[in-house]
Amino acid sequence: MSAPMLAATVPDSLTFAISAAVILAGALGVITSRNAVHAALSLVMTLFGVAVLFIEQQASFLAAVQIIVYAGAIVVLFLFVIMFLGVDRRENVAEEPLRGQRPLAVLLVAVAMGGVIALGVSAHWATGAHAVAGSTTAGHHSNVYVLGKAVFTTYLFAFEATAALLVIAVVGAVVLAKRPRSGESRGEEPAGPEEPAVDGSSADDEGPGGPPALVGGGASVTGAADHGGAG
Amino acid sequence: MSIPGEWYLILAAALFILGALGLLVRRNVLVMFMCIELMLNAANLTFVTYSRMLGDIGGQVVVFFVLVVAAAEVVVGLGIVVAIFRRRASSSADDLNALKG
């Protein structure tokens, strides 16, 4: 098992071994830590390890993007939401809400891992044509040059589509995170406010579309639907 | 000579199953999102490894797009978490039973 690894140079082997240990330790930290903040920090550990392995495989641009986008933006967003929602809520990891779920989950992922490795061993790991979309070292250019050329020529349409996707995601996030028009109480039950909404005294609490529904008389259905969408 | 790609693929498989295990057993929605990120990273590592093994830049381009999709997914997902939390004051997936029959 260690024979192919010994064929590599010592720095490469050390880099891979340490990065693999960091990645797996971080992943274990994510799935076992009780505090969500600790899970997020373990996630940063895993992301750094993956970035090191990207560099090890001559994907230096992706390593930089991995650090900037994942560790710099996504995890900070996670931490922001964790702090926003309250950090003192610790999950009791020891209790098991569904009996027998964890052994089943472990069994399932063990079967999946064994299946993937068995398939890889029996099928030579990587088969197929080489350098279909362009070589990684075309003309001895740098990684950024080759990657940029591929993105802006072969994959230009997909690149433009991701721009649209990002705009849609930003709009969706703003719509989802927007507070309701005037202070509706947080943490209210979904079925709660239907009765107060029809008496007309709290008509200004509704979003746009609420008051006409109230005037129309059939307020419960439309008002509740609008309420559910805005809240 | 660098590390053969098989080791990277095995490591990526291990990372993926750890993410899947966390997604199956954890109850906190935020931690479940982090486990999805773990699985996305495992897939990214696999793509980069295949890109190196086959000498093909396409794998790295796919990783680039996966990063964009992951960012969009996290933004929308955390927006949903915040919207749910405003209603239920809970970030546990077990409490999201409003559609239960």
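In what follows, chains are A, B, ... by sequence order, proteins preceding strands, each numbered from 1. Model, not experiment: these values are computed from the prediction.
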**Q** Please report the shortest heavy-atom distance between B/Ile57 and A/Ala150, naming the atom on each side.
**A**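 Scanning both residues, the minimum pair turns out to be CG2-CB, 3.8 Å.
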**Q** Consider side chain to side chain contact (heavy atoms under 4.5 Å, CB included). Of B/Leu21, B/Ile17, B/Leu18, which one does A/Met113 pass it with?
**A**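 Only match with A/Met113 under side chain to side chain contact (heavy atoms under 4.5 Å, CB included): B/Ile17.
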**Q** Tell me, for A/Phe61 versus chain B, whether the close heavy atoms (under 4.5 Å) come from the side chain, the backbone, both or neither.
**A**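 The answer is the side chain of A/Phe61.
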**Q** Is there a donor-acceptor contact under 3.5 Å linking the side chains of A/Asn143 and B/Gln60?
**A**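 Yes, a side-chain donor-acceptor pair sits under 3.5 Å.
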**Q** Measure the spacing between CG of A/Leu176 and CZ of B/Arg86 and express it to the nearest 0.5 Å.
**A**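 Those atoms lie 10.0 Å apart.
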**Q** Name the region of B/Ala42, side chain, backbone, both or neither, that has any atom closer than 4.5 Å to a heavy atom of chain A.
**A**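 No part of it gets close to chain A.
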**Q** Chain A heavy atoms under 4.5 Å from B/Phe64: which part of the residue, side chain, backbone, both or neither?
**A**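 Contact with chain A involves both backbone and side-chain atoms of B/Phe64.
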**Q** Do A/Tyr70 and B/Glu37 have a side chain donor and acceptor closer than 3.5 Å?
**A**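 A/Tyr70 vs B/Glu37: donor-acceptor pair found between side chains.
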**Q** Can you check whether A/Val121's main-chain N or O pairs, donor with acceptor, with B/Glu6's side chain at less than 3.5 Å?
**A**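 Side chain of B/Glu6 to backbone of A/Val121: no pair is present.
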**Q** Please classify the contact of A/Thr162 with chain B as side chain, backbone, both or neither, using a heavy-atom distance under 4.5 Å.
**A**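 Answer is both: backbone and side chain atoms of A/Thr162 are under 4.5 Å from chain B.
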**Q** Given a strict heavy-atom distance threshold of 4.5 Å, which part of A/Val106 is in contact with chain B: side chain, backbone, both, or neither?
**A**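 Both the backbone and the side chain of A/Val106 come within 4.5 Å of chain B.
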**Q** Give, as side chain, backbone, both or neither, the part of B/Phe16 having an atom under 4.5 angstrom from any heavy atom of chain A.
**A**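 No part of B/Phe16 comes within 4.5 Å of chain A.
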**Q** Just verifying a value: how many Å separate B/Leu23 CG and A/Ile31 CD1, rounded to the nearest 0.5 Å?
**A**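 Rounded to the nearest 0.5 Å, the CG-CD1 separation comes out at 11.0 Å.
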